[in-house]
Amino acid sequence: MRNFEVAFIFNDIADMLEIKGENFFKIRAYRKAARTIENLPVEIEEMAKEGRLQEIEGIGKALSDKIYEILETGTCHYYENLKKEIPPGLVEMLKIPGLGAKKIKVIHDTLGISSIEELEKAARTKKLRTVPGIGTKTELSILKGVEALKNRAGRVLLATALLVADQVISSLSSMKEVTDAEVVGSLRRKKEMVGDIDIIAATAAPETVLNDFSKIPHISEITERGATTVSAIHDMGAKIDLILVTPQEFYPALRFFTGSVDHNTELQSLAQTMGYDLDETKILNKNSNEIFYPESEIQIYEKLGLPYIIPELREGRGEIKAARCGKLPEVVELEDIKGDLHIHSNFSDGISSIKEIAKKAKSLGYEYIAITDHSKSLKIAGGIDEEKLKEQIAAIKEINKKSDEVYILTGIEVDILSDGTLDFSDDVLSKLDIVIASIHSGFKQDTDTITNRIITACQNPHVDIIAHPTGRILGRRDPYAADMDKILEAAAATNTVLEINSSPDRLDLNDLMAQKAKEMGIKMVIDTDAHDKEALEDIKYGVWTARRGWLEEKDIANTMPLDELLKFFKVKK
DNA sequence: GCCGTTTTCGGCCCGACTGTTTTCAGTCG
């Protein structure tokens, strides 16, 4: 957890330096350090104790000093001074699409605006256009950006919420008065973004637990407190709701507060027809007035004649009917995944070497991986040209020969260029085991243009997979205007596999789109798009998304053993 | 701010797109 805390501060510093107009490379040093620390497989505190901070790539004297200070005091002077200098509203404004540090500074300097509310007002009253470099179009786009930001206010990514929830639950579990604690709500159902982090805890001493709750690290503010409930704000900005129940009420409450509302309503209707009444504390037999306190969620579903329904499926999308007919999907499990087919190495913009990635993959129990770096046109990501690709293929063959680690497939994430052509010739693509095609430019093209680009890629006999098919970035960028129905049809017609990208801010395809693809007979892969060996662990987010989309092992190509997978990808060619 | 068989300063991702200008700056990936 402390890694996250240090990374958070470094990112905040980078934001503020950006507004100050500091040296680009200095800012990048803070961001890079933040990313490295966030993904560090060990506790930064441990490394600090051993005096090994400067062994971390990208951390020198200045940053390591700040890390020591943060670990000791929770903050550092440099950070606190910056916070005094830069109004927090300006940092917030960085989240507005189309508005960057330079414009924020000039707006602040010209009109004295230092909050999003003031910015919105200035845009509405047409004062923003008086700022040098801002015209009517920019004014309008800023207004749109503010709207978009408001719409997602307070929502956090699943990955962030889980991190916070784990920390709070482990603190709760360590209290001797707490017998059980579990995350509930949409977070337990593994929705891609959540508004609140809901937690229930079982205790016979609610008063004591509520008092101790406010002492949990990083709980910065208690916003509401009742006899058995408390709401708080976590340092990371997430809202936490804690509900206390008695130990015997724990499982009814777990079921009830996990939701969803639709699932609960349907379940209650079914219970009623069977003579039961379900609520958050018990199961009541209406005929005999007998009260039943289940000792697991399984017992609740059993009582209603149903098999257990996993939280990811509890969305009221027909799961109860399916459960009644014995037609619940046998959803894919993390252990079913036999390899990751979308990984970047240090040949392009990844941090880790192929060997390091292979070692990590082995530790995850994988049978194979594919190295799929960016292609030459994506300059910012250090896209590789034909020559470098040849070098990489040779390097991979060499590693495969010598090592008993996972089998490494050669591959590329080839850019679908703005004109719809691919960044490499068919001849080059034909020499690779796995070809992933994806879009990294021309995001704002109209529906026809961008749809046709992706369809053309599907039609290329060498393209195996379309990566992050909708292009959305959660909380930051909408999907491109592509017609997904047409793309699904093209994928189905050409046997092109679609990706469920596990990166926590993508999860693309999402659950519903993946379910639709499954119904059309399209195969999918769950990949991480990792740029760092540690990010291979992100695969769980993709698996959860697939489970929410009712996907089974047979729907996912990378659950196949290697020989079967290779045969499968040859069918199209 | 980091890094270095260029050892102590200078290099460290580039290019398209957009909107504001009138030749360019800011944003984004």
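Chain identifiers are assigned alphabetically (A, B, ...) following the order of the sequence lines, protein sequences preceding nucleic acid strands; residue numbering begins at 1 within each chain.
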Measure from the side chain of [X], starting at C-beta and using heavy atoms only, and say which of [options] lies closest.
X	options	value
A:Lys102	B:dG29, B:dG19, B:dT27	B:dT27
A:Leu63	B:dT20, B:dC2, B:dC17	B:dC2
A:Phe443	B:dG15, B:dG29, B:dC17	B:dG29
A:Lys103	B:dT20, B:dG1, B:dT27	B:dT27
A:Arg28	B:dC13, B:dT20, B:dC2	B:dC13
A:Asn23	B:dC14, B:dT20, B:dC12	B:dC12

Just how far, in rounded Å, is [atom2] of [N] from [atom1] of [X]?
X	N	atom1	atom2	answer
A:Asp349	B:dC12	CG	C1'	16 Å
A:Ile380	B:dG26	CD1	C1'	14 Å
A:Ile27	B:dG1	CD1	P	11 Å
A:Lys144	B:dT27	NZ	P	18 Å
A:Lys32	B:dC12	NZ	P	14 Å
A:Leu128	B:dT20	CG	P	11 Å
A:Ile37	B:dC2	CD1	P	11 Å
A:Ile351	B:dC13	CD1	P	13 Å

Handout entry: Where the chi angle of B:dT8 falls, syn if within 90° of 0 and anti if not
Key =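 Syn, since the glycosidic angle lies within 90° of 0.
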Within the 4.0 Å heavy-atom criterion, would you say [X] contacts the bases, only the backbone, or no part of the nucleic acid?
X	answer
A:Pro132	nothing
A:Leu378	nothing
A:Ala101	sugar-phosphate
A:Thr36	nothing
A:Gly382	nothing

Give a yes/no answer on whether the side chain of [X] brings an N or O atom under 4.0 Å of OP1 or OP2 in [N].
X	N	answer
A:Thr138	B:dT20	yes
A:Arg477	B:dG29	yes
A:Lys26	B:dG1	yes

One thing to verify: whether [Y] and [X] come together as a salt bridge, which I'm taking to mean a side-chain N less than 4.0 angstrom from a carboxylate O.
X	Y	result
A:Glu139	A:Lys126	no
A:Glu386	A:Lys376	yes
A:Lys533	A:Glu356	no
A:Arg35	A:Glu38	no
A:Arg472	A:Glu192	yes
A:Glu118	A:Lys121	no

[atom1] atoms of [N] and [M], separation to the nearest Å:
N	M	atom1	answer
B:dT27	B:dT20	C1'	14 Å
B:dC3	B:dT8	C1'	11 Å
B:dT22	B:dT18	C1'	16 Å
B:dT23	B:dC28	P	26 Å
B:dT6	B:dG11	P	15 Å
B:dC12	B:dT21	C1'	32 Å
B:dC13	B:dG29	C1'	12 Å

Problem - Closest-nucleotide ordering on DNA chain B, the 5'-leading residue of A:Ser441 and A:Glu57 - result: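 Upstream on the strand: A:Glu57.
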Problem - Residue mapping more 5' on DNA chain B - nearest nucleotide basis, A:Lys66 or A:Ile439 - result: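 The residue mapped nearer the 5' terminus is A:Lys66.
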Exercise for the section: Taking the side chain as every heavy atom from C-beta outward, state whether A:Leu432 and A:Asp464 have any atom pair closer than 4.5 Å. Expected result: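 With C-beta onward as the side chain, the pair stays apart.
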